[in-house]
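The chains referred to below are lettered A, B, ... by the order of the sequence lines, with proteins before strands, and numbering in each begins at 1.
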Number of protein chains: 2
Amino acid sequence: MAEIRTADTRERILDAGERLFMAHGYEGTSMRLITSEAAVNLAAVNYHFGSKESLIQEVFRRRLDWLNEERMRVLVEMEDAAAGKPLKPSQIVDGFFGTLLRMADDEERGGVTFLRLLGRTLTEPSEFIRTFLAHEYATVMDRYKEAFFKALPDVPKAEIVWRFHFMLGATSYAIAGTDALASGD
Amino acid sequence: MAEIRTADTRERILDAGERLFMAHGYEGTSMRLITSEAAVNLAAVNYHFGSKESLIQEVFRRRLDWLNEERMRVLVEMEDAAAGKPLKPSQIVDGFFGTLLRMADDEERGGVTFLRLLGRTLTEPSEFIRTFLAHEYATVMDRYKEAFFKALPDVPKAEIVWRFHFMLGATSYAIAGTDALASGD
DNA sequence: CTATGATTCAAACGAACGTATGAATCATAG
DNA sequence: CTATGATTCATACGTTCGTTTGAATCATAG
């Protein structure tokens, strides 16, 4: 079995898809643009991934698998160190958002490109992408929400969820970095 | 000149476009979907607006003209009342975001539909839309930034701009309301 | 009522899209 | 070296896209 060329082709497609989906969105990025940027044949995407939908899911899975594991690992580590006592909210924030931002410095894990793709995709209109992302995030999100509930027992849960949403929004917008409102300075 | 039918057709197209661009994004919304939802002929969009690009710009202009004027009016009114003294930051925040949120209760001005469209479009991948939005926002944004600079003379300007961005992100994400991370509760 | 200009309509255009096909090319096992 | 299965390739398929066209229909002015 020839593995070397396959691995090259697959990764070049994933890299090109990551960058182009970030720059032009899912619908705005054509297969021909991806394959020409990756310097592979047009049919390569369908051969290796099956479809355009499967491709973008694999683009995310490649990065999110690590991010999910790392976020979970950090949280469990902090909880073990706390030995039953509730964590400080700032610890949980750092576990969730700090882990994400440290990913931006790691070019091997997608760097700022993937971060901006992720930030923009949280408001992506395509239904199947949002559904897929929600599913990928579900387990870790629930664990972090539970951690916040324990750390802030006097704050209503609905209020905590709102604050979490606001942090997510502020982060993803800053990350997406469209500068839509920079207005020239 | 027949004005009655034209006005109906134009507004029905704008309403359908507003709702569909919100739900499926710019690239994800076809002319045929818009015209069938608006119950007008396929060629009506090109006849009345010229192109799909011009249509979405008109969808935004219809609402943003009022929002820009209202935000400016509120700010000037507060500054006049303050008679030269700096405004409280919370006043400026309310002038900018309060005005936006009050728009959500006004169905005549687009209500939550336009608000969600606006929230999602701030991270829209299409270049020309972000450029257009930045241009529409530029004047008012600069005036509000200046107001913040005066209200918070001891805070570095770059820090103020960051905080403004975070507020914008938190607001637009909460407004967009994709629930991408609701994870089922 | 008739003429005129604005608007609507059905139909078609060429281009771009995602995907499928079958032959050519490659790396490796025997 | 030859056979085999994986991969790449040029090409084409059917669909959908935004836009255009010219005739039909409408409302109003004279």
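In this structure, the separation between CE on B/Met167 and CZ on B/Phe97 is 4.5 Å, given to the nearest 0.5 Å. Taken from CG in B/Leu67 to CZ in B/Phe114, the straight-line distance is 7.0 Å, to the nearest 0.5 Å.
Distances shown here put a side-chain N or O of B/Thr9 below 4.0 Å from the OP1 or OP2 atom of C/dT8. Residue B/Ser30 places none of its side-chain N or O atoms closer than 4.0 Å to OP1 or OP2 of D/dT16. Phosphate contact (OP1/OP2 of D/dT7, side-chain N/O of A/Asn41, threshold under 4.0 Å): absent.
Within 4.0 Å of A/Ser54, counting heavy atoms only, lies no atom of the nucleic acid at all. A/Thr35 comes within contact range of no nucleotide atom at all, as no heavy-atom separation falls under 4.0 Å.
Taking atom CG of residue B/Leu33 and atom C1' of nucleotide D/dG18, one finds them 14 Å apart after rounding to whole Å. Counting to the nearest Å, the P atom of D/dC17 and the CG atom of B/Leu20 are 12 Å from each other. Between A/Asn46 atom CG and C/dC17 atom C1' there is a gap of 12 Å when expressed in whole angstrom units. B/Tyr47 places its OH atom 17 Å from the P atom of C/dA10, with the value rounded to the nearest Å. Atom pair B/Lys52:NZ and D/dT16:P shows a separation of 15 Å (rounding to whole Å applied). Straight-line distance from the CE atom of A/Met31 to the C1' atom of D/dC9: 16 Å, rounded to whole Å. Atom P of nucleotide C/dG18 and atom NE2 of A/His48 are separated by 18 Å, given to the nearest angstrom. Residue A/Leu42 contributes atom CG, which lies 11 Å from atom P of D/dC9 at whole-angstrom precision.
Residues B/Phe96 and B/Gln91 are not in side-chain contact: their nearest non-hydrogen atoms beyond the backbone lie 4.5 Å or more apart.
Partner assigned to C/dG14 is D/dC17, using Watson-Crick or G-U wobble distances below 3.5 angstrom. Partner assigned to D/dC1 is C/dG30, using Watson-Crick or G-U wobble distances below 3.5 angstrom. The partner of D/dC9 is C/dG22, by the rule that a Watson-Crick or G-U pair needs both atom distances under 3.5 Å.
A salt bridge (Lys or Arg N to Asp or Glu O under 4.0 Å) with A/Glu18 is found for exactly one of A/Arg116, A/Arg63, A/Arg109, namely A/Arg63.
Between A/Ala44 and B/Arg32, the one whose closest nucleotide on DNA chain D sits nearer the 5' end is A/Ala44.
Cluster annotation: A/Phe149 is not connected to A/Trp162 through the hydrophobic network of ILVMFWY side chains, with a link wherever side-chain heavy atoms come within less than 4.5 Å.
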